[in-house]
Trainee: 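Provided herewith is a single structure, encoded as structure tokens, for subsequent inquiry.
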Amino acid sequence: MKAVIRTQYGSPDVLRLVDVEKPVAGDDEVLIKVRAASINMADRYMMHGKPLMVRLMTGGLLRPKSHRLGADVAGEVIETALRQTADS
């Protein structure tokens with residue numbers, strides 16, 4: 001599977017297209033086969049790591065804790081891992 005990742009804060013030049021293992025849906029998560037994605041201002045702030053408050057909120061002061069960006073996606077749900085509760 002291909003993914004665009006970043007291992008440091010900076011301009012779009014820090015983004016790299018790499019091969020990664022297919023992720024597995026964790027508890028209360030879904031795995032989506034992405035057909036389209038968008039970039040918003042939150043992604044821009046996360047990529048640049050500015051303002052500094054962004055780094056403090058996301059847990060990566062010197063380097064990003066999460067290498068992937070983006071949350072606005074459209075696609076097909078291919079796996080779910082929903083936890084069952086006693087009320088269900």
Side-chain angles (χ1 to χ4, degrees):
M1 173 179 122
K2 299 278 187 187
V4 175
I5 65 164
R6 48 62 192 254
T7 56
Q8 61 190 32
Y9 295 112
S11 69
D13 297 334
V14 302
L15 301 176
R16 301 283 180 256
L17 181 64
V18 297
D19 287 312
V20 295
E21 291 185 29
K22 179 182 170 186
V24 177
D27 286 345
D28 293 332
E29 293 181 342
V30 296
L31 183 61
I32 301 171
K33 183 173 186 175
V34 177
R35 303 282 186 199
S38 68
I39 298 172
N40 60 37
M41 287 303 290
D43 298 322
R44 183 182 179 281
Y45 292 138
M46 298 263 302
M47 184 174 66
H48 288 277
K50 294 178 184 175
L52 186 59
M53 185 61 74
V54 169
R55 294 182 187 200
L56 298 174
M57 292 182 338
T58 59
L61 190 57
L62 300 177
R63 280 188 223 105
K65 196 171 194 176
S66 172
H67 296 294
R68 296 185 183 142
L69 290 168
D72 300 334
V73 298
E76 172 186 355
V77 174
I78 57 173
E79 183 181 332
T80 63
L82 300 177
R83 232 180 335 189
Q84 297 295 323
T85 62
D87 296 337
S88 301

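What you see is a predicted model; the values in this text were computed from it and never measured. FYI, the numbering just counts along the sequence from 1.
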Trainee: Can you confirm whether more than 12 heavy atoms, excluding those of Met53, are under 6.0 Å from its CE atom?
Mentor: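 Count not over threshold, so no.
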Trainee: May I ask you to decide if Gly60's main-chain N or O and Tyr9's side chain share a donor-acceptor pair within less than 3.5 Å?
Mentor: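 It does hold such a pair.
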Trainee: Between atom CZ of Arg55 and atom NZ of Lys65, what is the distance when rounded to the nearest 0.5 Å?
Mentor: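 Interatomic distance, Arg55 CZ to Lys65 NZ, rounded to 0.5 Å: 15.0 Å.
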Trainee: Is a donor on one side and an acceptor on the other found under 3.5 Å between the side chain of Arg35 and the backbone of Ala74?
Mentor: no
Trainee: From Met46 CE over to Asn40 CG, what is the distance, rounded to the nearest 0.5 angstrom?
Mentor: 10.0 Å
Trainee: Please report the shortest heavy-atom distance between Lys22 and Met1, naming the atom on each side.
Mentor: CA-SD, 4.1 Å
Trainee: Under the criterion side chain to side chain contact (heavy atoms under 4.5 Å, CB included), I'd like the reasoning laid out for Val20 against Arg68: C-alpha separation, chi angles, the key distance, then a yes or no.
Mentor: CA-CA 11 Å; Val20 295; Arg68 296 185 183 142; 3.4 Å; yes
Trainee: Taking the side chain as every heavy atom from C-beta outward, state whether Ile32 and Glu76 have any pair of such atoms under 4.5 Å apart.
Mentor: no
Trainee: For Ile78, what are the other residues in its hydrophobic cluster, where any two members join if their side-chain heavy atoms are less than 4.5 angstrom apart?
Mentor: Leu31
Trainee: For Gln8, what residues pass the side-chain contact (heavy atoms from CB on, under 4.5 Å) criterion, not counting sequence neighbours?
Mentor: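 Expected list: Val14.
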Trainee: Taking the side chain as everything from C-beta on, heavy atoms only, tell me whether Arg63 gets closer than 4.5 Å to Thr7.
Mentor: no
Trainee: Between Asp72 and Ile39, is any pair of side-chain heavy atoms under 4.5 Å apart?
Mentor: no
Trainee: State the CG-CG distance between Leu61 and Leu56, to the nearest 0.5 angstrom.
Mentor: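 So the CG of Leu61 and the CG of Leu56 are separated by 6.0 Å.
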Trainee: Assigning hydrophobic clusters by single linkage (Ile, Leu, Val, Met, Phe, Trp, Tyr; side-chain heavy-atom cutoff under 4.5 Å), is Leu17 placed with Ile5?
Mentor: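 They do not share one cluster, since no chain of ILVMFWY contacts under 4.5 Å joins Leu17 to Ile5.
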Trainee: With Tyr45 as reference, evaluate His48, Met41, Met47 under the side chain to side chain contact (heavy atoms under 4.5 Å, CB included) test and give the passing residue.
Mentor: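 Result: among His48, Met41, Met47, Met41 is the only option passing the side chain to side chain contact (heavy atoms under 4.5 Å, CB included) with Tyr45.
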Trainee: Provide the closest heavy-atom pair for Ala25 versus Thr80 in the form atom of the first, atom of the second, distance.
Mentor: CB-C, 4.4 Å
Trainee: May I have the step-by-step check of side chain to side chain contact (heavy atoms under 4.5 Å, CB included) for Arg16 and Val4, ending in yes or no?
Mentor: CA-CA 5 Å; Arg16 301 283 180 256; Val4 175; over 6 Å; no
Trainee: If you take all heavy atoms of Leu69 and Arg6, which pair is closest and at what distance?
Mentor: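 For Leu69 versus Arg6, the nearest heavy atoms are CD2-NH2, 3.4 Å.
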